[in-house]
Amino acid sequence: CNFGHLEVGNVVLDWENTRERIFQSPGVNRTLFLITLEKCFLALRAMDCVAILSQILHMSAVNYLQPDVIGSLPKVLQEDAFRNLSTVFKDLYDKTSANTQKALYGWMREILQKSYNTSASWVSAENLWILGRYMVHLPLEEILKISLNEIRLFISYDNATKQLDTVYDITPELAQAFLERINSSGFDMRNTSTIYRLGLLVCFYDDMEQMDATVARALLHQMIKCNQLRGFQAEVQKLKSQLLNIAMQNQTLNDILGSLSDAVVGLTSGQLESLSPEAVHNAIATLNQVSGWAKSQVMILSSKYLSYEKVLFYNISQMGALVTGISTQSFYRMNPKELSQVIRGTISQHSTDLSPAQQQGILRKMASSRDFSSPVTDIQGAFFREISLPYLWKENGYNSSVMKEKELRRSQVNTVVIFFFLIKGQLVKGVTCQLIESMGTDFFLSHFKFFEKNLHLLSPYQVNCLAWKFWKASNTSIPPFLLLVLPRTFAVLCQQGKRFLFQNGSIADEYDVDLLGNLICHLPPTFLHDRMSLKAMAAALHQFKLCQQLSHEQKTEIKYKLLELYGSPKNWTAETTLDIGPFIAQLSKGELNVLAEKVLFHFFFPDCLGTRAPSSDEIIKLAEANVYWSVQELKCMDARTFDKNVERLGTVSGFNSSQLMVLKEKAKQVWGSLSGWKSYHIVSLGRIALALTEDEIEELDLHLIDTISVLSQQTEWTPTQARSILHSFLEDSGQTMSTLKSFDLVGLGAILCVLNSTEIMSVRSVEFSAAVARIGLLLCSTPVLRQFKKMAESVFGAATSWNGSVLQEIGTIAGGLNEDELKAFDKNLMPYFQPIAISHIPGEIFQALSPEQIANLGPENAAMVTGSQRKHLTVSQLQSLQLALDGARTSTPEVPSTACAPPVGQTPAPGGEYRLKCWILLLLSMLA
């Protein structure tokens, strides 16, 4: 069949042009899938129906594939059709919930069992292969019944290792049951070949009796893959620790370092400090492959490695992830030519793991060297983002081949895009609304795919402009990703033939959830509490887990809905616990305790007569829930446990001041006097450092900007603590404000917010200009921002002359503008203010904006206007603000029809004859 154009009534469906957008439409995939399940297997060949299901599933988020839907899958299928459909479900395993996975396993088991009598186990080698990753849902008793011949045959398959390498969610009990059957089937469990075949089962190896060092090292080598497991890392770390002890029998750590695989991550800072530079050098081929290093470990190892030989370029090229431990000053002291080679090689692979200070130190060195004609050609990837705007203004030679592999800030793009337009890559960030609106219809539509593919690079304001332009230029359906940014009145018009989400003022079912998409992340807590049904909550859970910035109040309401949906945690299954995922952290201490004893592990919160100290296993398992350790329990922690877990404890955001204080005292007890602490000690503290007093900060050695860079990431310093950090850094490094380089300013970060006006004006303009984009991310007080604004004027000229690129570059520094400067900006520059800058403009200054300026803020900036700012606005200004929030335009374009919309003026009921014809045509065209 050829369904190039399909016609239903007065609606023409151009299948080739609209197929992709139809599959992006909310609810379409769910409806197609359910209709196929209900009707297709009755009317067409099973293989054809499986092919349709496969297409629908692979083109969607499959969040509608819920356990109740699995019950509608056919119970009788031809072998080929069953295998094909099973393969589809295996491919989609990671996209489905744990409860859905268990339901799909049940469907597969029911079909596979039919060819076996009740006395024999249906779990043959072939059926294990068919199950694939679903084998982790086999009950324990079923695994123990597997024929030894079948398990031997399965492990002998060439692809068995590949399959076992993917059982990321297997539990220790099931893994050990499989290991027991493999052992009983005749395999030598201490043979290297057998160990290799075990895949992720090796992570739960438990036969430690009389093991020799060679076997221990073979197991450690295979266990490098265990970080892929979905949980049980505490058990894995415990096993690695035991194997490490066996592997080190009668040998020193220096001798066997290279044969320990990623178990080296479990070594304490004291053990790493005891290593010789030669041992680190000899083991670098192993160390550079390991992931999961703590910052303090990387600092120790990189220092030892680089001290062994002085051929810096060759050394760095061998370091892998350890390159992030090199100090900023070391980078700055490097030969520029070697540095250029390094950032194209090893460093480019780990550039995102470098601190902003390290990146700035590298760029500052290269920019000051005469060996390079232009940073535009010499600097690649993420490093390019750190190049200052004034430096870019001096450059020329922008072309598509040079810019292809570079990442850009929006302010950089606004500069570069002047030279050429619509090359592939990140320059789409610089396309202005005026440029979009001025495009001819044919030109815009021919380049629309380019915008669509790079949508993630556009700001909400640009997407809004794109939606309006598409609305006016195209006579086809509005893509859902653009529909969502248009005002609700237009969205309602565009959704003819469907039940609109807020028709009844609530979210009733999964179709409402489909229609909302990621807007569900922005529903207010009261709406979640009062107007979201439990049926919708079950469908929305997956979407909520993807939300990046849910408020505490939203998370709390979601927790109450989940408790209402699933009942008390004491009744939760392991699958339910996995599906709830991050929202477990919202449970109370009592609820967590019940859950822990039920499905996770025992003794989350020991209720004992004496004081029981935390163990390493418990600290790893608890993560954020470590907040429930009492001060006394933390105080009783032994030195080794603290030393191994200090960085984990330092990441716990909920520790109160008393808990942080006792952990700081524990650090002093373990590491000795403050004056003897190394940089890696201070870096490893994380939030624990917040408990340091001003006098204690003065005792520390803070001469390295890398140490300050880590400390400045904490946002809870008091002004007096921050002043102490600044004073200690200047004193220990022998610097003054006037000698600081751009990487020092970047490393100081939020500490800069305590500078006074004299100190700020002492900073050299050239250094400030190189760091201004980073400084523009700081949330400083208005007086400090005003001083930064004065510095910005020394770089960019008078504030009233600033263009969009400068406004993007300076970020929050725009919060230091005065009334006259603010109202002098052209209305078309308003979208170029960074959103974070809008909320930092004092209300009495913000009111100087005209209604026209406010109307042109754009939705993202308008959303950042605070309550206190609103109080200063007039009625007309508030009306303009609402227009900006809505992303509205002054004229209302005609409403284009959607692919499956009814003829104009007709609104058929859901499930009516018109819509049924439409879905049938879609299904038929998929078979074409």
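Position 1 is the first residue of the sequence; numbering continues from there.
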Side-chain heavy-atom pair Phe729, Thr707 within 4.5 angstrom cut-off: no
Pick one: which of Arg364, Arg774, Lys741 meets salt bridge (charged side-chain N to carboxylate O under 4.0 Å, His left out) with Glu767? Arg364
For the pair Lys666 (side chain) and Met637 (backbone), establish whether a donor and an acceptor sit closer than 3.5 Å, ignoring hydrogens and angles. yes
Would you compute the distance between atom OG of Ser675 and atom CD of Glu696 and round it to the nearest 0.5 angstrom? 12.0 Å
Is the NZ atom of Lys295 crowded by more than 12 outside heavy atoms at less than 6.0 Å? yes
Taking the side chain from Gln358 and the backbone from Ile326, do they hold a donor-acceptor pair closer than 3.5 Å? yes
Shortest non-hydrogen contact between Gln659 and Val627, atoms and distance: NE2-O, 2.7 Å
d(Leu745 CG, Phe768 CZ) to nearest 0.5 Å is 8.5 Å
May I ask you to decide if the ring planes of Tyr332 and Phe743 are parallel, tilted or perpendicular, using 30° and 60° as cut-offs? tilted
Can you classify the ring geometry of Trp677 versus Trp671 as parallel (below 30°), tilted (30 to 60°) or perpendicular (above 60°)? perpendicular
Option passing side chain to side chain contact (heavy atoms under 4.5 Å, CB included) with His350 (candidates Thr352, Asp353, Ile347): Asp353
pair Ser269-Ile300: side-chain heavy atoms closer than 4.5 Å: yes
Given 3.5 Å as the limit, does a donor-acceptor pair link the side chain of Ser728 with the main chain of Ser724, or not? yes
Whether the side chain of Asp638 engages the backbone of Thr641 through a donor-acceptor N/O pair (distance < 3.5 Å, no angle test) should be reported. yes
Using a 3.5 Å distance criterion without hydrogens, assess whether the side chain of Ser738 forms a donor-acceptor pair with backbone atoms of Ser762. no
So which atom in Ala247 and which in Arg217 form the shortest heavy-atom distance, rounded to 0.1 Å? O-NH1, 3.3 Å
Checking side chain to side chain contact (heavy atoms under 4.5 Å, CB included) between Gln233 and each of Arg230, Glu235, Gln237, which is the one that passes? Gln237
Considering non-hydrogen atoms only, spot the tightest contact between Ser241 and Lys644 and give its length. OG-NZ, 4.3 Å
Any heavy-atom pair between the side chains of Phe232 and Leu239 that's under 4.5 Å? no
I need the Ile284 CD1 to Tyr308 OH distance, nearest 0.5 Å. 12.5 Å
Does Lys635 pair with Glu665 as a salt bridge, N-O distance under 4.0 Å? no
How about NZ on Lys238, more than 12 heavy atoms from neighbouring residues, nucleotides or ligands closer than 6.0 Å, or not? no
State whether a side-chain donor-acceptor pair under 3.5 Å links Glu273 with Tyr680. yes
Is there a donor-acceptor pair under 3.5 Å between the side chain of Asn254 and the backbone N or O of Ala279? no
Gln297 side chain to Val265 main-chain N or O, any donor-acceptor pair under 3.5 Å? yes
On a heavy-atom basis, the closest approach of Asn756 and Arg723 is N-NH1, 4.3 Å
By side-chain contact (heavy atoms from CB on, under 4.5 Å) - contacts of Gln271 (at least two apart): Leu253, Leu267, Thr268, Arg640
What's the shortest heavy-atom distance between Leu275 and Leu257, and which atoms? CD1-CD2, 3.9 Å
How long is the gap from CG on Asn645 to OG on Ser616, to the nearest 0.5 Å? 4.0 Å
Tell me, with the steps shown, if Ser653 and Glu624 meet side-chain hydrogen bond (donor to acceptor under 3.5 Å, both in side chains). CA-CA 7 Å; Ser653 62; Glu624 188 63 30; 2.8 Å; yes
Atom NE2 of His221: over 12 foreign heavy atoms under 6.0 Å: no
Counting C-beta onward and ignoring hydrogens, is there a side-chain heavy-atom pair between Thr286 and Leu260 closer than 4.5 Å? no
Exactly one of His681, Lys678, Glu647 clears side chain to side chain donor-acceptor pair (under 3.5 Å) with Ser296, and that residue is Glu647
Working to the nearest 0.5 angstrom, can you tell me the gap between Leu702 CG and Ile708 CD1? 4.5 Å
For the pair Asn626 (side chain) and Ala623 (backbone), establish whether a donor and an acceptor sit closer than 3.5 Å, ignoring hydrogens and angles. yes
For Pro356 and Val746, work out which heavy atoms get closest and say how close. CB-CG1, 3.3 Å
Main chain of Thr328, side chain of Asp706: is a donor-acceptor contact present, judged purely on distance under 3.5 Å? yes
Using a 4.5 Å cut-off on heavy atoms from C-beta on, say whether the side chain of Phe788 contacts that of Ile810. no
Mind checking the CD1-OG spacing from Ile725 to Ser712? Nearest 0.5 Å is all I need. 8.5 Å
Within a strict 4.5 Å, meaning less than it, do heavy atoms of the Lys240 and Asp262 side chains meet? yes
Could you check whether any side-chain N or O of Gln721 sits under 3.5 Å from a backbone N or O of Leu690, counting only pairs where one atom can act as donor and the other as acceptor? yes
Say whether Ser351 and Gln359, considering side chains only, have a donor N or O and an acceptor N or O under 3.5 Å apart. no
